[in-house]
K.L.:
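For reference, the structure I am asking about is given below.
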Number of protein chains: 2
Amino acid sequence: MELENILNEMNHKGYKTTEKRRNILQVLINHQSSFLSADTILCQAKKINTHINMSTVYRNLLLLEELHLVHKILSEDGIANYKLVQVHTHHHHIICRSCGKTDIIDYCPIKELNTLVEEKHFKLTEHKLELYGYCENCIKNKNN
Amino acid sequence: MELENILNEMNHKGYKTTEKRRNILQVLINHQSSFLSADTILCQAKKINTHINMSTVYRNLLLLEELHLVHKILSEDGIANYKLVQVHTHHHHIICRSCGKTDIIDYCPIKELNTLVEEKHFKLTEHKLELYGYCENCIKNKNN
DNA sequence: TTATATGCAAAAGATTTGCAATATA
DNA sequence: TATATTGCAAATCTTTTGCATATAA
């Protein structure tokens with residue numbers, strides 16, 4: 001999605017277009033295929049616009065998540081990582097352990113799982129599936 | 001696994017049997033089918049033995065995790081939850097959103113995923129799959 | 001003009017760590 | 001006795017919040 005489209009969508013819902021919000025979104029667009037930490041997003045945003053505060057970053061990420069414009073996942077060490085939602089249909093991710101690059105996995109094992117879950121007498125509500133590995137580039141460059 | 005078996009296994013590796021370690025393990029055994037937070041483990045341990053410190057709990061959980069005796073997962077809010085490893089073969093969990101009870105899911109979609117991951121030119125190293133829902137009891141009792 | 005957004009500093013909450021004291025083998 | 005373990009308090013680190021100020025519509 002384009003920057004202006006996102007901002008327009010937000011405007012329609014009563015949220016304003018500000019310089020800082022634009023900067024944060026620009027960072028997310030520039031790294032559309034990676035999950036970034038709030039800290040990384042702040043650093044990148046500072047390259048665009050020197051004065052921007054961490055609380056502004058968090059507040060915007062929270063809002064974007066609520067609007068389903070951003071995906072949030074937790075890394076093993078409990079740090080939140082964010083990326084722009086590209087596909088609005090249900091999907092999962094494969095994430096590179098070396099560079100953080102992600103790709104979309106269109107398969108979901110929910111059908112196979114449903115039967116097993118029923119056997120256990122659970123009623124399934126959600127599931128979390130994340131794949132980790134090394135991407136083509138990182139394998140080539142042996143950056144791991 | 002029994003309490004004494006775990007302690008013996010630890011002894012063989014040079015770790016000592018202490019009262020506090022025994023208390024923490026007892027709590028994990030008493031709640032074998034749920035993931036518990038460090039805070040909950042501390043509270044439960046205090047019921048057995050009034051004087052026990054949070055850092056002791058964390059240090060023991062870390063050790064148990066390193067020894068592959070405990071599973072650790074992060075909840076949505078980033079809090080770590082722990083449970084004794086019951087089955088040492090690869091498996092996943094279904095976790096009750098209401099009472100925290102878990103059950104083991106013996107199916108793993110890794111075969112189906114492998115092909116897709118290769119198509120994306122990733123080399124898969126690990127994966128995370130967790131299912132959430134409501135267990136039989138909680139559905140009956142409508143405690144949700 | 002008025003609701004939204006931001007900066008700053010402080011607070012919150014989970015987890016970790018240094019160090020001295022203690023307990024186990 | 002030597003090494004592992006614990007308690008305590010302080011430190012760390014990420015994330016959140018209150019409040020006054022600034023900005024967009």
Side-chain angles (χ1 to χ4, degrees), chain A residues 3-4 6-28 35-46 48-67 69-82, chain B residues 3-4 6-27 35-46 48-67 69-70 72-82:
Chain A
L3 179 56
E4 297 307 325
I6 299 175
L7 288 170
N8 278 340
E9 190 177 326
M10 293 180 81
N11 285 165
H12 286 309
K13 292 179 178 163
Y15 303 106
K16 295 172 180 173
T17 298
T18 67
E19 205 191 347
K20 310 302 163 69
R21 177 162 293 158
R22 197 177 231 113
N23 298 153
I24 292 165
L25 283 167
Q26 190 60 63
V27 169
L28 290 170
F35 279 92
L36 305 180
S37 66
D39 195 58
T40 304
I41 293 166
L42 178 66
C43 292
Q44 292 295 320
K46 277 185 173 164
I48 305 174
N49 191 324
T50 34
H51 191 76
I52 179 168
N53 191 274
M54 185 55 111
S55 54
T56 303
V57 171
Y58 273 112
R59 281 192 269 234
N60 273 283
L61 289 171
L62 183 63
L63 177 59
L64 291 167
E65 202 199 343
E66 285 167 358
L67 298 176
L69 293 169
V70 149
H71 265 309
K72 174 185 174 183
I73 62 171
L74 292 177
S75 62
E76 318 249 307
D77 44 9
I79 293 166
N81 289 75
Y82 306 84
Chain B
L3 180 54
E4 297 308 324
I6 299 175
L7 289 170
N8 279 339
E9 191 178 324
M10 293 180 80
N11 285 165
H12 287 308
K13 293 179 178 162
Y15 304 105
K16 294 172 180 172
T17 297
T18 66
E19 205 192 349
K20 310 302 162 70
R21 177 161 293 157
R22 196 177 232 113
N23 297 154
I24 292 165
L25 282 167
Q26 190 60 64
V27 169
F35 279 93
L36 304 180
S37 66
D39 195 58
T40 304
I41 293 166
L42 177 67
C43 292
Q44 292 295 321
K46 276 184 173 165
I48 304 175
N49 190 326
T50 34
H51 191 76
I52 178 167
N53 191 273
M54 185 55 112
S55 52
T56 302
V57 171
Y58 273 113
R59 280 193 270 234
N60 273 283
L61 289 171
L62 183 63
L63 177 59
L64 290 168
E65 201 198 345
E66 284 167 358
L67 298 175
L69 294 169
V70 150
K72 173 185 173 182
I73 62 171
L74 292 178
S75 62
E76 318 250 304
D77 44 10
I79 294 166
N81 289 75
Y82 306 84

K.L.:
List the atom of B/Asn81, the atom of B/Ser37, and the distance in Å for their closest heavy-atom pair.
P.N.:
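Here B/Asn81 and B/Ser37 meet closest at ND2-N, 3.4 Å.
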K.L.:
A/Asn8 CG to D/dA24 P: how many Å, rounded?
P.N.:
16 Å
K.L.:
Rounded off to whole Å, could you give me the CG-to-C1' distance for the B/Leu7 and C/dA25 pair?
P.N.:
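The answer, rounded to whole Å, is 14 Å.
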K.L.:
Donor-acceptor pair, distance only, cut-off 3.5 Å: does the side chain of B/Asn53 make one with the backbone of B/Val57?
P.N.:
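Absent.
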K.L.:
How would you list, by chain and number, every residue that makes a side-chain hydrogen bond (donor to acceptor under 3.5 Å, both in side chains) with B/Asp39, sequence neighbours excluded?
P.N.:
none
K.L.:
Mark up nucleotides 4-14 of chain D, 5' to 3', with B wherever a protein heavy atom is under 4.0 angstrom from a base atom, S wherever such an atom reaches only the sugar-phosphate, and - elsewhere.
P.N.:
SSBBB-----S
K.L.:
Using whole Å, what does the distance between atom P of nucleotide D/dA24 and atom NE2 of A/His12 come to?
P.N.:
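From A/His12 NE2 to D/dA24 P: 19 Å.
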K.L.:
Measure the spacing between CG of B/Leu61 and OG1 of B/Thr56 and express it to the nearest 0.5 Å.
P.N.:
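Output value for this atom pair is 10.5 Å.
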K.L.:
Between D/dT15 atom C1' and A/Asp77 atom CG, what is the distance in whole Å?
P.N.:
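It works out to 14 Å between those atoms.
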K.L.:
Provide, to the nearest angstrom, the distance between the CG atom belonging to A/Leu25 and the C1' atom belonging to C/dT6.
P.N.:
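That distance rounds to 15 Å.
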K.L.:
I'd like to know if the side chain of A/Arg21 reaches the main chain of A/Lys16, judged simply by a donor and an acceptor atom lying under 3.5 Å from each other, with no hydrogens or angles considered.
P.N.:
yes
K.L.:
Considering residues at least two apart in sequence or located in another chain, which fulfil the side-chain hydrogen bond (donor to acceptor under 3.5 Å, both in side chains) criterion with B/Asn23?
P.N.:
B/Asn49
K.L.:
Expressed in angstrom and rounded to an integer, what is the separation of A/Arg22 atom CZ from D/dA24 atom C1'?
P.N.:
12 Å
